[in-house]
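For reference, the structure is listed below as structure tokens.
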Amino acid sequence: MAVQSKLALTDRSLSALLTHASHIYLTHRTSISRAVYLAFFIALLNRIRLAARAQHKSAARREKGELNREFFRNLWRLLRIVIPGVRSKEMRLVVTHSVFLVIRTLISLYVAELDGKLVSSLVRGKGRDFLWNIGWWMAVAVPATFTNSMLSYHQHKLALQYRTRLTRHIHDRYLSRMTFYALGNLDDRIQNADQLITVDVTKFAHSLAELYSNLAKPVLDMVIYNYQLSRNVGGEGLFGMALLVQVSANVMRLLTPPFGRFVADEARLEGEFRHSHARLIEAAEEVALLAGEDAEKTTLDKGYFTLIKHVNHTLRRRLYHGMMEDFVIKYFWGALGLALCAVPVFFKIPGATRTTVGDRTESFVTNRRLLLSSSDAFGRVMFSYKELTELAGYTARVSSLLSAIDDIHAGRFQKALVSSASTASNAAVLSGRGTVSEGPDISFTAVPIVSPNGDVLIHSLTFHVRPQQHLLIVGPNGCGKSSLFRIMGGLWPVYGGAVRKPPPHDIFYIPQRPYISRGNLRQQVIYPDCELDMAARGVSDAELLRILETVGIAGIVERDGGWEAEREWREVWSGGIQQRVAMARLFYHRPKYAILDECTSSQDLATEKTLYDTAKALGITLITVSHRRSLWTYHENILQFDGQGNYVFTKLDAERRLRLEDEREELELQLRAMPELQKRIAELEAVLQDREDTEEGGAPVTAGGVVLPIEAAGVAEASGAEAEGAEGIAGTSGKKEEEEGEKGQEEGKEEEKEGKEEGGYFSPRPAST
């Protein structure tokens, strides 16, 4: 009994203590709530401060696709591109989209209240009120469906506008100042620019538009629904639930894999796999001729299985993360919500006046609907974290493209050199920059020629090309001819010295395999001009036809369907016709200078003569790379590379050079015949030796150990005479070679003397025997 008395006393004391504490709390409820909210707000600010500090400390080890300060900086940069101003069309769409988001939230709030009234009328058994509320329910459906449709329309419209703005911005910068060339040849940071511009920009635009809708709407719903819930169930219960939800959310965030990095890696692997197929299509003929199907299949399979392995890894991580996320969001938070909705039933809420069963039912249903909507909004906010990380991946890739373009425009390149020479020895050359100026002629003064992998092919090149002083460039492969043309065309930087050249529109380049664009037949001839440019020049189709007659392909106009015909011209025309179309472009544009890189390799001599004579008659100064001797007569100067870092720039005497070349070939033929002559001499000497041995010993005449009859002995004697004649020929040939060598040396000295007198440039050449 004593023990029971003590327990009853303890229960009464505890009950009195709780009653006293509740009285104190209710008396100072407003102050306590404000203090709790203020502490919660201060804790939130402190958390943001700590997160910013952590981001600052980890700046050196950031990875692409992570939500860090770099991501928000890149996102802000892209936002200024896709939304250029407050009066832009995109800003109007964002504002209109936001208005519809607010309207949708207010409609949802009214529907929650209407749900409570419907259930309350059912509990009370009031059919008239029930039918009235049903009518209002149907009436609200009209603006609700319109609002939902407008939200979907604005979201897709925003994505389209974002893509249009960003694509135009990239095209303006990518297709200016030869950036499209430098991005793939002078800088290796961007491997698949085509995928970045076509695929990643689209995904970024859609992700950005969806994120605004999927993030702004839930945040707005959470603010409005929680405010209404705090009025219905009290701020204490809402705060306690928010605290538990925040703790569980922190745990989920710690266990969330880096989906942003996964997305960026997947996009990179997709681009590499697509690029492998593009390379195979581009080089299909070469691969087929080399029977490289198995090697290409191995490469493609390796790229595909690397991609699939990464995708499977990502799917497994998404599986475990999705299980955890669904349990926490749907079930754990749902149980907390039911407990929160029951607070007004078991506890008295200050200001609440509903005491009947119908009032409690209406309050429970309304609060439950608000809580479900708030939980759904919070869940969408949590789900949007993955969408935000995916946006971070697309943002990182698009920003990397823009950053690389900016660096190229500023003359900063990043390329991993695989030079066979020491990069330290070439560092001074590669880090230097020369000067480029415009003038009426082409002049190189002490300009280094550098290969794509960083080898300095020529340390100091000096030559000039004046109007109508046509230049022939010869030399072995890899000596620097292509690098020289790229500098002339403004594709490569000048690493030193001074370059003077005409404006870009006064230099026209024709490669051995000319570029055939997409479009009709007329556009192939006037490329890169368009039809408006052609009209501005005052050129008609009849003049274009005369140009085609000059190059000997006027028949393709009628054969291929006229000037407006559009085909895949690279497949329709042979290589020879493509070269003639390229020369027709040259005659249409009539530049001051033309760089011809083996552009007549598929033409016969008569056609070649017509093309070169026409170009010279139009006043075009020619700079030709070719090893065809037939082209020497069309040039006045020659620039010859030896492939060892040396060169000669001098006047070209075509007739004399052809005569010397013929003589050189004749001597080479004689030299190639010397081993056969020496072998024959050795055989004849053996026959003579056998005959002498036979005559001295009285034995029969033999040849190689075989007894010869008298007639054969006569033949052997004749062969001996022939051997003596052959020795005489060999002696005469050796003497003739010595005379020709002395003559070549005298002519070389004479040519060198003439080149110096005419202003020629000679690089240091090692002494040769």
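- Proximity of Ser626 to Glu598: side-chain heavy atoms (C-beta onward) are separated by under 4.5 Å at one or more points.
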task = Output, in order, the C-alpha distance, side-chain angles, deciding distance and verdict of side chain to side chain contact (heavy atoms under 4.5 Å, CB included) for His409 and Ser176.
result = CA-CA 9 Å; His409 284 185; Ser176 65; 3.8 Å; yes
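- When all heavy atoms of Thr462 and Ala446 are compared, the closest pair comes out as OG1-N, 3.0 Å.
- Across all non-hydrogen atoms, the minimal contact from Val465 to Asp441 is O-CB, 3.3 Å.
- Within the 4.5 Å cutoff, no side-chain heavy atoms of Asp642 are placed close to those of Cys479.
- Rounded to the nearest 0.5 angstrom, Tyr527 OH and Tyr588 OH are separated by 13.5 Å.
- Nearest heavy atoms, Phe587 versus Thr550: CE1-CG2, 4.4 Å.
- When side chains are defined from C-beta on, Leu457 does not count as touching Phe641, because their heavy atoms never get closer than 4.5 Å.
- One finds the CG atom of Leu300 at 9.0 Å from the NZ atom of Lys297 (value rounded to the nearest 0.5 Å).
- Within a 6.0 Å sphere centred on CD of Glu558, other residues, nucleotides and ligands contribute 12 heavy atoms or fewer.
- Applying the 6.0 Å contact sphere to CZ of Arg173 captures more than 12 heavy atoms from other residues, nucleotides or ligands.
- Counting heavy atoms from C-beta on, the side chains of Glu608 and Met583 never come closer than 4.5 Å.
- A donor-acceptor pair under 3.5 Å is formed between the side chain of Gln603 and the backbone N or O of Gly576.
- A cation-pi arrangement is not found for Arg585 relative to Tyr515, the charged atom failing to lie both closer than 6.0 Å to the ring centre and inside a 45° cone about the ring normal.
- Taking a 6.0 Å sphere around CZ of Arg279, one finds it holds 12 or fewer heavy atoms contributed by other residues, nucleotides or ligands.
- For Tyr647 and Phe463, the ring centers sit 6.0 Å or farther from each other.
- Tested against Tyr612 for a side-chain hydrogen bond (donor to acceptor under 3.5 Å, both in side chains), the candidates Thr633, Thr624, Thr600 yield a single pass: Thr624.
- Within the 3.5 Å criterion, the main-chain N or O of Ser443 finds no donor-acceptor partner in the side chain of Arg500.
- Residues Tyr593 and Ile620 share a closest heavy-atom pair of C-CG2, 4.2 Å.
- The local environment of CD in Glu286 is crowded, with over 12 non-hydrogen atoms from other residues, nucleotides or ligands closer than 6.0 Å.
- No donor-acceptor pair closer than 3.5 Å links the side chain of Asp529 to the backbone N or O of Asp533.
- At most 12 heavy atoms of other shown residues, nucleotides or ligands fall within 6.0 angstrom of atom CZ in Arg518.
- Although no hydrogens or angles enter the test, the distance criterion places a donor-acceptor pair under 3.5 Å between the side chain of Gln524 and the main chain of Ser517.
- For the pair Thr607 and Arg580, the minimum side-chain heavy-atom distance is below 4.5 Å.
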request  = Report the C-alpha separation of Ile487 and Val436 in whole Å, then their side-chain angles, then the decisive distance to 0.1 Å, and conclude whether the side chain to side chain contact (heavy atoms under 4.5 Å, CB included) test is met.
outcome  = CA-CA 10 Å; Ile487 294 176; Val436 180; over 6 Å; no
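- When side chains are defined from C-beta on, Thr435 does not count as touching Val494, because their heavy atoms never get closer than 4.5 Å.
- Atom CG of Leu631 sits about 9.5 Å away from atom CG of Leu622, to the nearest 0.5 Å.
- The two residues Pro440 and Pro467 have their closest heavy-atom pair at O-CG, 4.1 Å.
- Note that the CG atom of Asp194 and the CG atom of Leu196 stand 8.0 Å from one another [nearest 0.5 Å].
- Side-chain contact between Leu605 and Lys609 is absent, with no heavy atoms from C-beta onward closer than 4.5 Å.
- Considering Leu596, Asn637, Ile442 as possible partners of Ile623, the one that fulfils the side-chain contact (heavy atoms from CB on, under 4.5 Å) test is Ile442.
- Gly538 and Glu543 get closest at one heavy-atom pair: O-OE2, 3.5 Å.
- Below 30°, between 30° and 60°, or above 60°: for His635 and His470 the angle between ring planes is above 60°, a perpendicular geometry.
- For the atom pair Asp541 CG and Arg546 CZ, the distance stands at 11.0 Å (nearest 0.5 Å).
- Checked by atom type and distance alone, the side chain of Gln579 pairs as donor or acceptor with a backbone atom of Ser602 at under 3.5 Å.
- Looking at Arg522 and Glu564, a side-chain N of the basic residue comes within less than 4.0 Å of a carboxylate O on the acidic one, giving a salt bridge.
- To the nearest 0.5 Å, the span separating OG1 on Thr610 from CG on Asp604 amounts to 8.5 Å.
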ask   = Can you check side chain to side chain contact (heavy atoms under 4.5 Å, CB included) on Trp563 and Leu544, steps first, answer last?
value = CA-CA 10 Å; Trp563 292 109; Leu544 294 183; 3.6 Å; yes
message = As a quick check of understanding, evaluate side chain to side chain contact (heavy atoms under 4.5 Å, CB included) for Tyr495 and Val456, giving each step before the final call.
response = CA-CA 10 Å; Tyr495 291 102; Val456 179; over 6 Å; no
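- Of the possible polar contacts, one joining the Lys501 side chain to the Met488 backbone as a donor-acceptor pair under 3.5 Å is found.
- Under the 4.5 Å side-chain criterion, counting only non-hydrogen atoms from C-beta, His589 is in contact with Pro528.
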CA sep, side-chain torsions, deciding dist, call: Trp569, Asp560, side-chain hydrogen bond (donor to acceptor under 3.5 Å, both in side chains) = CA-CA 10 Å; Trp569 301 109; Asp560 295 335; over 6 Å; no
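- The local environment of NZ in Lys616 is crowded, with over 12 non-hydrogen atoms from other residues, nucleotides or ligands closer than 6.0 Å.
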